[in-house]
Student: 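Sharing a structure with you now.
Letters A, B, ... are given to chains in the order of the sequence lines, protein chains preceding strands, and every chain is numbered from 1.
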Amino acid sequence: MPELPEVEVTRRGILPHAQGKTVAKVKIHHPKLRLPIPNKIITRLQNQKISRIVRVGKYLLFHTAAGTLIFHLGMTGYLSLLSKTKSREKHDHFDLVFQDNTVLRYHDSRKFGLIRWTDTDPLRHHLLKAIGPDPLTNQFTGKYLYGKSRNRKIAVKPFIMDAKIVAGIGNIYACEALFAAGIHPATPAGKLSEKKCAGLVQAIKKVLRKAIETGTAVMVFQPDREWSGYFLQNRAVYQRAGAPCKNCGVLIEKIRMGQRSAFFCGKCQRQNV
DNA sequence: ACTGGCTCCTGAGGGC
DNA sequence: TGCCCTCAGGAGCCAG
């Protein structure tokens with residue numbers, strides 16, 4: 001599952017190969033995603049230059065003079081750079097063919113991804129307008145999180161996974177950040193002190209930055225090499241149920257919260273806030 | 001205003 | 001070896 005760090009490493013990887021290039025052709029192979037890929041992008045993107053590629057949460061925005069292509073990789077989506085037309089495989093949905101014949105290809109087996117187009121400001125697009133700040137920006141502070149969490153009874157884990165609060169924190173990094181901050185995932189969000197909120201925000205930024213650094217160092221994104229890296233190598237709790245906590249040795253627990261699994265150390269992560 | 005549950009989809013993995 | 005069942009999960013949407 002591409003989480004925010006994977007999306008950011010994808011952005012950095014494709015940047016030198018896609019930004020500044022002009023789209024010669026758009027090919028929609030399988031339009032069916034979470035929403036169908038709109039046909040209008042074929043004409044809208046043709047002959048447009050990709051001026052900037054920006055990330056907001058887990059969304060990637062490809063800006064052109066005519067409008068913006070909005071990408072979300074969903075659960076299983078990834079982008080590949082191909083030096084020339086390579087034979088298509090199952091679940092290849094979409095190609096951006098640049099004037100120099102390089103191809104940016106979108107692959108997504110579970111079809112949870114999303115490709116949208118907007119002629120106007122993408123931040124006013126209905127998918128993005130209600131979204132909270134990106135966690136790596138200066139708008140995401142302890143004070144902000146403290147203010148948003150007042151009177152909220154929801155558990156802190158689903159709270160920080162709510163895109164309206166903060167954009168793009170998925171299950172893996174929610175678990176990892178809560179471990180790093182020493183907060184039990186079931187703690188009601190409204191019970192967190194201002195200090196705990198500050199610590200949680202710092203933990204979120206830290207685990208995300210570390211994953212981005214690791215991924216950037218590990219992944220060499222170049223034509224004909226497919227992007228497929230998920231940075232699970234240094235996880236402290238995620239999918240480690242039954243294994244000893246790296247901090248205290250107590251066995252990591254797994255509980256079901258809503259529709260998601262939460263992993264945590266019952267000794268290092270407390271509800272006394 | 002909040003909260004929890006449903007839904008889309010397919011590959012992986014476990015059990016037998 | 002192979003079949004079948006269950007599960008995982010981002011996030012928008014909807015009902016209570």
Side-chain angles (χ1 to χ4, degrees), chain A residues 1-8 10-11 29-38 55-61 70-79 88-94 106-116 118 122-135 145 147-178 185-192 204 208 211 226 228-232 235 237-242 252-264:
Chain A
M1 59 293 322
E3 290 250 5
L4 187 147
E6 286 85 345
V7 177
E8 176 60 19
T10 297
R11 188 187 76 84
H29 307 300
H30 297 292
K32 192 174 177 186
L33 289 173
R34 185 144 57 91
L35 294 170
I37 302 173
R55 182 187 58 76
V56 178
K58 290 186 196 164
Y59 285 96
L60 281 176
L61 310 178
I70 301 171
F71 252 101
H72 194 294
L73 306 183
M75 274 286 297
T76 50
Y78 62 84
L79 290 162
R88 272 192 291 121
E89 291 172 17
K90 198 180 175 185
H91 306 308
D92 284 343
H93 288 265
F94 175 83
Y106 183 65
H107 179 103
D108 190 349
S109 59
R110 285 191 201 170
K111 302 175 171 61
F112 281 11
L114 208 53
I115 298 174
R116 303 269 90 194
T118 178
L123 299 180
R124 297 223 293 259
H125 187 273
H126 84 278
L127 287 173
L128 293 163
K129 68 181 178 192
I131 218 169
D134 185 272
L145 196 69
K148 283 285 179 189
S149 60
R150 291 313 84 192
N151 301 319
R152 295 294 299 269
K153 292 180 180 138
I154 191 173
V156 62
K157 180 170 173 280
F159 177 70
I160 59 171
M161 290 174 68
D162 181 351
K164 290 191 286 298
I165 303 300
V166 54
I169 312 265
N171 204 28
I172 298 172
Y173 291 96
C175 291
E176 294 295 316
L178 286 166
T187 309
K191 298 270 190 194
L192 293 172
I204 289 168
L208 292 175
E226 284 189 353
S228 63
Y230 303 136
F231 318 141
L232 290 173
R235 66 196 190 277
V237 287
Y238 185 74
Q239 283 188 353
R240 292 194 66 244
I252 299 298
E253 296 173 50
K254 174 183 177 178
I255 55 170
R256 202 74 186 157
M257 296 184 69
Q259 325 301 324
R260 300 284 171 270
S261 299
F263 298 85
F264 64 98

Student: Side chain of A:Glu3, backbone of A:Ile169: donor and acceptor closer than 3.5 Å?
Tutor: no
Student: If you only use heavy atoms from C-beta on, which nucleotide in B:dC6, C:dG10, C:dA8 is closest to the side chain of A:Arg256?
Tutor: C:dA8
Student: With a 4.5 Å limit on heavy-atom distance, are the side chains of A:Glu176 and A:Val237 in contact?
Tutor: yes
Student: Any side-chain heavy atom of A:Leu208 within less than 4.5 Å of one from A:Pro135?
Tutor: yes
Student: Ignoring backbone atoms, establish whether A:Lys129 has a side-chain N or O less than 4.0 Å from OP1 or OP2 of C:dG12.
Tutor: no
Student: Under the 3.5 angstrom rule, does the side chain of A:His72 hit a backbone N or O of A:Gly74 as a donor-acceptor pair?
Tutor: yes
Student: Looking across every strand, which nucleic acid part, if any, lies under 4.0 Å from A:Lys254 by heavy atom: base, sugar-phosphate, or nothing?
Tutor: sugar-phosphate
Student: Is the phosphate of C:dG9 approached by A:Tyr173 (side-chain N or O, under 4.0 Å from OP1 or OP2)?
Tutor: no
Student: Can you pull out how bent the helix from B:dC2-C:dG16 to B:dC16-C:dG2 is, comparing the axes over its first five and last five pairs, to 10°?
Tutor: 50°
Student: So if I define the base as every atom that isn't primed, P, OP1 or OP2, how would nucleotides 8-14 of chain B read as a B/S/- string at a heavy-atom cutoff under 4.0 Å?
Tutor: BBBB---
Student: Report the relative orientation of the aromatic rings in A:Tyr78 and A:His107; use parallel for angles under 30°, tilted for 30 to 60°, perpendicular for over 60°.
Tutor: parallel
Student: Please report the distance, rounded to the nearest Å, between OH in A:Tyr238 and P in C:dA8.
Tutor: 9 Å
Student: What is the separation between atom CG on A:Leu114 and atom C1' on B:dT7, rounded to the nearest whole Å?
Tutor: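 It is 14 Å, rounded to the nearest whole Å.
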Student: Nearest whole angstrom, please: distance from the C1' of C:dG12 to the NE2 of A:His72.
Tutor: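 About 10 Å, once rounded to whole Å.
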Student: What is the distance, to the nearest angstrom, from the CZ atom on A:Phe263 to the P atom on C:dA8?
Tutor: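 After rounding, the gap between these two atoms is 8 Å.
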Student: Round to a whole Å and report the spacing from CD1 of A:Ile154 to P of B:dA1.
Tutor: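 Rounding to the nearest Å, CD1 of A:Ile154 and P of B:dA1 are 16 Å apart.
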Student: Please examine the side chains of A:Tyr173 and A:Pro5, heavy atoms only from C-beta on, and report whether any two atoms are closer than 4.5 Å.
Tutor: yes
Student: Could you check whether any side-chain N or O of A:Thr187 sits under 3.5 Å from a backbone N or O of A:Val156, counting only pairs where one atom can act as donor and the other as acceptor?
Tutor: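 No; zero donor-acceptor contacts below 3.5 Å.
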Student: Any side-chain N or O of A:Arg152 under 4.0 Å from OP1/OP2 of B:dA1?
Tutor: no
Student: Using a 4.0 Å heavy-atom cut-off, does A:Phe159 contact any base of the nucleic acid, only the sugar-phosphate backbone, or nothing at all?
Tutor: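 Since no nucleic acid heavy atom lies under 4.0 Å of A:Phe159, the category is nothing.
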Student: According to the side chain to side chain donor-acceptor pair (under 3.5 Å) rule, which pairs have a member within residues 151-172 of chain A, sequence neighbours left out?
Tutor: A:Lys157-A:Asn171
Student: Could you give the NZ-to-C1' distance, from A:Lys164 to B:dT3, as a whole number of Å?
Tutor: 10 Å
Student: Could you tell me how far apart A:Leu33 (CG) and C:dG9 (P) are, to the nearest whole angstrom?
Tutor: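 So the two atoms are 21 Å apart, to the nearest Å.
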Student: Can you find a side-chain donor-acceptor pair between A:Arg116 and A:His125 that sits under 3.5 Å?
Tutor: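 No.
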Student: I'd like to know if the side chain of A:Arg55 and the backbone of A:Lys58 have a donor-acceptor N/O pair within less than 3.5 Å.
Tutor: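 It does not hold such a pair.
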Student: Return the value, rounded to whole Å, for the distance between atom CZ of A:Arg260 and atom P of B:dC6.
Tutor: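 Atom CZ in A:Arg260 sits about 13 Å away from atom P in B:dC6.
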Student: Check every strand shown and say whether A:Leu127 touches a base, only sugar-phosphate, or nothing at a heavy-atom separation below 4.0 Å.
Tutor: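 Sugar-phosphate, backbone atoms only, no base.
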